[in-house]
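In what follows, a single structure is set out as structure tokens and then discussed.
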Amino acid sequence: MIDLIFPDGSKRSYEAGATGREVAASIAPSLAKRSVLVKLDGALLDLDRPLQAGGKFELLTRDAPEALETIRHDASHVMAEAVQELFPGTQVTIGPAIEDGFYYDFARDEPFSLDDLAKIEQRMKEIVDRDEPIKREEWDRDEAIAHFKSIGEAYKAEIIESIPAGETVTVYRQGNWKDLCRGPHLPSTKAVGKAFKLTKLAGAYWRGDHRNPMLQRIYGTAWGSEAELEAYLLRLEEAERRDHRKIGRAMDLFHMQEEGKGMVFWHDKGLTLWRVVEDYVRRRLDEAGYVEVRTPQVLDRVFWEQSGHWEKYRPNMFVCETEEGEELSLKPMNCPGHVQIFKFGQKSYRDLPLRMAEFGACHRYEPSGALHGLMRVRAFTQDDAHIFCREDQIEEETARFIELANSIHSDFGLERDHIALATRPAVRAGSDEFWDKAETQMLAAARKAGVEPVIAEGDGAFYAPKLDWVLKDSIGRTWTCGTIQLDYVLPERLDAEYVGEDGQKHRPVMLHRAICGSLERFIGVLIENYAGAFPLWLSPVQVVVATITSDADEYALKAAQALRARGLRVETDLRNEKINYKVREHSLAKVPVIAVVGRREAEEVKVALRRLGSDGQQILELAEAANTLASEASPPDVARRAGA
RNA sequence: GCCGCCUUAGCUCAGCCGGUAGAGCGACGCAUUCGUAAUGCGUAGGUCAGGUGUUCGAGUCACCUAGGCGGCACCA
């Protein structure tokens with residue numbers, strides 16, 4: 001007998017081997033009908049899986065949040081069944097549930113077309129209507145290999161071959177179709193429902209390795225209900241509307257062109273935004289005790305050889321040769337340059353921690369397929385800094401940095417989702433003892449700053465573990481911006497030393513850190529976060545002074561000048577157009593404040609302010625408006641200083 | 001880099017089975033001087049990404065190249 005503890009706390013005994021469906025039926029036949037999965041001690045099981053042990057027991061209907069992942073996983077199976085029915089000879093590989101949906105990778109010589117997706121979707125709906133029971137079977141591993149080979153499923157056979165010999169494997173069967181799968185699954189294809197949609201076609205390497213053949217991946221999204229599907233599709237549209245490439249063009253912030261792939265032409269308005277961001281970060285660094293430096297764009301390969309980057313990243317560096325036979329590289333990173341400054345002259349323990357910052361322009365030859373608007377470029381500017389410190393200062397410095405980064409992100413209106421601790425990667429420099437120590441130090445530092453990081457196994461840099469900030473934007477998407485990496489390797493390789501209290505030479509530790517990451521990317525994130533409607537302090541154009549009739553032209557110029565004198569970014573619109581037209585145009589251009597002036601305002605030395613997103617107006621004396629707006633437009637740190 | 005798709009006026013996009021290029025917005029000109037999300041009329045603007053081929057004839061079909069987009073791989 002086994003004891004099942006129900007969510008209400010009651011306990012009942014059943015024969016070992018009873019299934020979830022039988023348990024449900026013992027309570028109410030309708031429950032057996034509605035249930036699709038069993039949750040036993042937190043693990044999901046098939047409804048018809050015989051229960052061998054007791055525990056905390058729950059029956060899940062398909063509306064349960066926990067069932068969604070299974071719905072998606074089943075949708076991928078239904079898709080695979082549909083594909084193999086429609087396109088005989090196509091091999092299946094793997095098809096998991098992912099965030100918001102699922103995919104399945106197929107091997108087929110002929111490419112799928114967008115038209116095929118509609119056909120597959122149609123067939124999937126038919127399979128759901130067929131209400132095919134989904135049955136779990138246990139197979140002998142070797143028999144499974146032989147079987148899948150015999151039906152031409154080479155990839156499946158290969159997957160099973162990677163399972164240790166002697167183990168049983170599970171196969172799920174629905175109708176005439178079957179797939180090797182760990183499960184669990186819903187009891188029938190009908191339970192998948194029809195709130196799904198195939199969304200895109202893509203290539204994907206077998207087993208995620210670029211040396212393997214490329215498979216065809218079909219992505220889909222699946223939800224518990226039509227309404228959720230609709231809501232999801234709406235979210236996609238919203239994200240598209242915010243695309244920084246579209247907004248960048250519409251707001252005349254920047255452009256890119258084929259002669260400079262992955263490079264940004266910043267237009268004046270975009271550069272204004274850039275300067276606001278850079279100036280703000282610079283003030284925060286000054287305040288936090290950093291010094292700012294600037295190092296050469298092009299350096300001899302010797303530095304990159306010493307740092308180890310030449311060996312690992314040479315194909316991704318922009319290298320040039322001189323007439324005299326030198327081999328130079330555009331800097332892909334700032335670290336070696338900063339170490340040269342550190343090494344210039346003699347450093348003492350009294351100089352530590354030395355926080356050396358640079359808005360460093362770097363170039364990396366990124367693969368063409370990786371480029372993506374401002375988010376992934378070949379020429380970018382890091383808000384980089386290296387903190388040279390003693391080992392006993394690591395925790396304190398890391399904790400201080402965590403606070404600084406948090407404060408800066410929040411000033412930009414970005415919420416923190418979590419901080420990840422990226423641990424040792426498979427290919428790495430340094431001994432296990434070193435990694436044990438470094439990972440422990442990073443974790444301790446994070447905790448000291450009151451942060452419990454989420455462990456990202458194997459995501460560290462080759463020389464160091466790191467903490468990465470994962471931020472959430474206004475529509476819930478996450479972005480990784482900001483990092484701190486603990487490095488014992490580079491100081492050694494580039495021979496950085498300081499004189500300790502004991503008069504001996506010692507190696508400093510380097511903390512590589514960035515808060516925005518690349519300014520290009522960070523600005524891209526800001527554009528998408530605000531959909532171009534920036535808060536006043538960030539807005540490239542803060543105020544447009546718009547006239548109603550040409551009688552107010554002279555006054556409008558004077559008013560604009562008065563606002564500019566207070567540091568505001570002001571444009572004037574004296575065009576011979578109706579005020580309606582001007583209001584519409586500047587509203588669409590996301591200008592935060594429109595100052596309307598007509599004959600009346602000109603006579604009374606006032607302005608009528610209209611703020612983006614509200615249709616009211618506020619009539620103020622010009623001097624008062626200048627005061628109010630100037631104070632509202634203060635960057636957050638400046639405002640805090642003024643308030644203190 | 002790999003797989004797939006896309007590329008028509010400054011922008012957004014039509015253009016059927018191959019028959020010789022179209023709209024809206026914008027720009028420019030003229031009229032209009034107007035009180036908070038589009039004033040009217042007019043004008044100009046295109047080697048249909050580039051190349052090769054098929055064809056009596058190519059924006060439309062085929063192939064190649066480039067760029068873009070969506071993924072994959074990569075991301076110090």
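The analysis underlying the following values was restricted to heavy atoms, covering all of them including side chains, and did not include hydrogens, waters or symmetry mates. Protein chains get the first letters and strands the later ones, always in sequence-line order, with residue 1 at the start of each.
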Quickly, which of A:V544, A:V545, A:T547 forms a side-chain contact (heavy atoms from CB on, under 4.5 Å) with A:T572? Name it, please.
A:V545
Between CG of A:D573 and C1' of B:U36 the distance, given in whole Å, is 13 Å
Single hit among A:R521, A:R241, A:R477 for salt bridge (Lys or Arg N to Asp or Glu O under 4.0 Å) with A:E528:
A:R477
Between B:A37 and A:N580, is there an OP1 or OP2 to side-chain N/O distance shorter than 4.0 Å?
yes
In whole angstrom, give me the gap between the P atoms of B:C74 and B:C16.
42 Å
For atom CG of A:L117 and atom P of B:G4, their distance in whole Å
15 Å
Polar atoms only, N or O, under 3.5 Å: list the protein pairs with nucleotides 42-52 of chain B and their distances.
none

A:D553 CG to B:C34 P, in whole Å, measures 13 Å
With rounding to whole Å, what would you report as the distance between B:G10 and B:G45 at their P atoms?
12 Å
Is a donor from one side chain sitting under 3.5 angstrom from an acceptor on the other, for A:D468 and A:T483?
yes
Would you kindly say whether A:Y219 and A:R217 are connected by a side-chain donor-acceptor distance under 3.5 Å?
yes
How would you list all residue pairs meeting salt bridge (charged side-chain N to carboxylate O under 4.0 Å, His left out) that involve residues 549-559 of chain A, not counting sequence neighbours?
A:D551-A:R599
Near RNA chain B, under 4.0 Å by heavy atom, which residues of residues 248-269 of chain A?
A:R249, A:E258, A:K261
Syn/anti state of B:C17 by chi, 90° boundary around 0:
syn
Per nearest nucleotide of RNA chain B, the residue lying toward the 5' end, A:P111 or A:R584, is A:P111
Base, sugar-phosphate, or nothing: which does A:L588 touch, judged by heavy atoms less than 4.0 Å apart?
base
May I ask you to say what A:E601 touches in the nucleic acid, namely base, sugar-phosphate or nothing, with a heavy-atom cut-off under 4.0 Å?
base
Suppose you measure atom C1' in B:G15 against the same atom in B:U8; what distance do you get, rounded to whole Å?
9 Å
Are A:W223 and A:Y232, when compared by the centres of their aromatic rings, separated by less than 6.0 Å?
yes
Between A:Y290 and A:H386, is the ring centroid distance below 6.0 Å?
no
Can you figure out which of B:U39, B:U33, B:A37 approaches the side chain of A:T549 most closely?
B:U33
For atom CG of A:L114 and atom P of B:C69, their distance in whole Å
18 Å
Need one value for A:A546: base, sugar-phosphate or nothing, where a base atom within 4.0 Å counts as base even if backbone is also close, heavy atoms only.
nothing
What is the distance, to the nearest angstrom, from the CZ atom on A:R211 to the P atom on B:C2?
17 Å
Taking the C1' atom in each of B:A14 and B:C48, what is the distance between them to the nearest angstrom?
13 Å
Results of side chain to side chain donor-acceptor pair (under 3.5 Å) for A:R428 - residues two or more places apart only:
A:D432
A:I548 CD1 to B:U39 P, in whole Å, measures 14 Å
Can you list the residues that meet the ring pair (Phe, Tyr, Trp, His ring centres under 6.0 Å) rule with A:F380, with sequence neighbours excluded?
none
Separation of A:D109 atom CG from B:G4 atom P, in whole Å?
12 Å
Do A:W469 and A:F401 have ring centres separated by under 6.0 Å?
yes
If you measure from the C1' atom in B:A21 to the same atom in B:U60, how many Å do you get, rounded?
12 Å
If I pick the P atom on B:C2 and the same atom on B:A73, what distance separates them, to the nearest angstrom?
16 Å
Check the distance between B:C2's C1' and A:D105's CG and give it to me in whole angstrom.
14 Å
Salt bridge or not between A:E327 and A:R301? Use side-chain N to carboxylate O under 4.0 Å.
yes
Take nucleotides 70-76 of chain B nucleotide by nucleotide from the 5' end and write B, S or -, depending on whether a protein heavy atom sits under 4.0 Å from the base, only from the sugar-phosphate, or from neither.
BBBBBBB
Candidate nucleotides B:A37, B:C34, B:U39, ranked by approach to the side chain of A:Y581 - the nearest
B:U39
Residue pairs passing the salt bridge (charged side-chain N to carboxylate O under 4.0 Å, His left out) test with at least one member in residues 356-383 of chain A, sequence neighbours excluded, are A:K331-A:E358, A:E366-A:R376
Closest to the 5' end of RNA chain B, once A:I579 and A:L215 are matched to their nearest nucleotides, is A:L215
By the 4.0 Å heavy-atom rule, please label A:E577 as base, sugar-phosphate, or nothing.
base
Expressed as a whole number of Å, how far does the C1' atom of B:U47 sit from that of B:U12?
23 Å
Please convert RNA chain B into dot-bracket. A pair counts if it is Watson-Crick or G-U wobble with both distances under 3.5 Å; crossing pairs go in [ ] and bases paired with another strand get |.
(((((((..((((.....[..)))).(((((.......))))).....(((((..]....))))))))))))....
Distance between P atoms of B:G59 and B:G50 (Å, rounded):
11 Å
For A:R314, check salt bridge (charged side-chain N to carboxylate O under 4.0 Å, His left out) against everything at least two apart and list the hits.
none
Where at least one partner belongs to residues 604-614 of chain A, residue pairs that pass side chain to side chain donor-acceptor pair (under 3.5 Å), sequence neighbours excluded:
A:R611-A:Q618, A:R611-A:E632
For A:Y581, what residues pass the ring pair (Phe, Tyr, Trp, His ring centres under 6.0 Å) criterion, not counting sequence neighbours?
none
Who passes salt bridge (charged side-chain N to carboxylate O under 4.0 Å, His left out) against A:D615, sequence neighbours left out?
none
